[in-house]
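Following: one structure in structure tokens, then a few remarks.
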Protein chains: 2
Amino acid sequence: MSINSITDLSRLCIHTITTKPWSIEVSARNYSSGGVKGITVWRDALTGRNIRQTGEMLRNYGLSVVSLCRGGFFPSVDKKKREASIDDNRRAIEEAHELGTNLIVLVCGADPLQPLEVSRNQIFDGISAVLPEAEAAGVKLAIEPLHPMYADTRSAINTLCQANDMAEALASPFAGVAVDVYHLWWDPALETEIERCGRNNNLLAFHICDWKSPTADMLNDRGLMGEGCIPIRKIRSWVERAGFNGFIEVEIFSDIYWKQDQEAYLNKIITAFKEFA
Amino acid sequence: MSINSITDLSRLCIHTITTKPWSIEVSARNYSSGGVKGITVWRDALTGRNIRQTGEMLRNYGLSVVSLCRGGFFPSVDKKKREASIDDNRRAIEEAHELGTNLIVLVCGADPLQPLEVSRNQIFDGISAVLPEAEAAGVKLAIEPLHPMYADTRSAINTLCQANDMAEALASPFAGVAVDVYHLWWDPALETEIERCGRNNNLLAFHICDWKSPTADMLNDRGLMGEGCIPIRKIRSWVERAGFNGFIEVEIFSDIYWKQDQEAYLNKIITAFKEFA
């Protein structure tokens with residue numbers, strides 16, 4: 001089992017939301033000067049920008065545009081909202097294409113007003129509806145299983161087993177899975193399901209951060225790698241044994257870090273990446 | 001599938017922590033006059049009391065003492081703490097015996113300083129260590145799988161599948177499982193695992209409350225039945241089809257409800273039990 005540390009930054013990607021106080025332009029400049037090689041763009045960071053030019057700007061900084069975050073949110077008791085969501089996912093595919101990335105991460109959604117099984121069916125139907133556009137644009141869709149504490153409103157897909165099931169049922173080279181340690185670290189089946197995900201060529205993305213004890217907020221109190229109890233390096237070894245050798249994406253929502261000086265924070269991210277990823 | 005509503009209170013049990021502002025004496029008097037037939041006693045409610053006399057007091061109010069909450073918390077990186085925990089579980093068994101209940105609910109524990117697999121082994125070893133005393137006292141131990149959001153410090157047993165695995169490995173009529181809808185509602189394998197739990201005679205307790213959207217606090221913002229998205233009645237039908245016909249236990253931690261008038265709250269619990277359980 002490979003559990004070597006990573007000594008260079010060639011596989012380090014940072015999500016724009018991780019350094020939310022910065023605009024995408026400032027993020028790109030600072031990531032680049034820090035030696036970071038990848039960026040995942042949250043759609044809100046593109047507001048008011050020419051998307052094609054923004055993609056060029058990122059590449060001019062030497063950054064690979066790893067993915068666009070996020071599509072999904074397919075389920076609703078309201079048919080009109082489901083249709084609007086499918087339209088929005090089509091727009092996300094266009095945006096990804098313009099930005100020059102070949103991957104969209106899907107936070108699949110859930111509606112607390114209906115059973116989880118119904119939401120799961122609507123997720124499957126929603127992805128199926130937009131898959132032709134994704135294929136035409138050369139953009140892959142990564143189902144991200146979310147922690148069960150988000151099953152009410154954010155995702156009815158809460159284990160890697162479920163995400164694997166759905167990706168396999170979609171049976172398209174343009175549908176796969178994103179593995180995020182924050183959502184999945186507790187799962188006793190994680191190692192097996194990562195192996196399965198890789199074997200079926202469905203492992204499209206790998207996100208990291210840490211789980212703090214205590215966690216003060218269900219959404220915005222994620223930890224920097226090393227601050228919590230997630231065995232990040234062990235999970236990375238599983239992901240790599242499953243054949244994944246793409247970017248390792250740092251995705252941290254943190255009211256605490258967003259309040260701090262972002263340049264100092266970026267240095268902490270880089271140090272923590274080398275020490276704990 | 002039985003999804004009939006419950007029209008009488010003969011199976012309603014309330015946990016003392018649900019009405020935390022009340023002493024156990026006040027809880028017992030009010031539960032009893034409200035027609036509630038069961039009580040689950042949290043150990044803190046027994047502080048400073050003669051336990052045997054408290055048990056008699058409860059029975060004199062016509063209350064069945066359904067279980068003692070809670071044993072467990074076996075894992076630790078510190079061997080002395082693990083030994084202290086085993087001693088504490090032995091005391092809990094004595095207390096259950098004195099109180100006159102034949103069931104202890106186990107919140108199994110976890111230590112964020114060690115891998116989940118190690119915590120799981122220590123849980124198995126801890127339960128094994130106290131099982132002889134449990135058998136001698138005629139007290140059963142119910143492994144309660146806890147929501148994955150508590151995997152860092154409260155329980156390394158986070159699915160009913162894991163609890164079933166452990167109960168079956170312990171292979172004793174004095175080791176089983178407690179099913180709590182709050183912890184398990186999201187699990188796609190829930191129906192199957194409840195059936196398995198019943199088939200192996202391991203289904204010892206059934207706890208209810210609801211999951212609110214949004215949930216403001218990870219510990220103390222549980223909802224009253226009907227306030228959230230948990231399909232309580234559907235899960236009850238699975239539990240009953242699996243052969244369970246014991247008490248339905250209302251266990252709600254809620255800063256909101258604890259601040260309210262507890263008599264009015266008790267009436268709400270009874271109404272919600274009839275309408276949504």
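Just so it is clear: chains get the letters A, B, ... in the order the sequence lines come, proteins before strands, and each one is counted from 1.
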So which of B/Cys229, B/Pro214, B/Cys161, B/Pro148 has the biggest tally of heavy-atom pairs under 4.5 Å with chain A?
-> B/Pro148
Which donor-acceptor pairs lie under 3.5 Å between chain A and chain B?
residue  : atom : partner  : partner atom : Å
A/Glu117 : OE1  : B/Lys234 : NZ           : 3.0
A/Arg120 : NH2  : B/Trp186 : O            : 3.2
A/Asp152 : OD2  : B/Trp211 : NE1          : 3.3
A/Asp152 : OD2  : B/Ser213 : OG           : 2.7
A/Trp186 : O    : B/Arg120 : NH2          : 3.2
A/Trp211 : NE1  : B/Asp152 : OD2          : 3.2
A/Ser213 : OG   : B/Asp152 : OD2          : 2.7
A/Lys234 : NZ   : B/Glu117 : OE1          : 3.0

Region of B/Pro115 that comes under 4.5 Å of a non-hydrogen atom in chain A = side chain
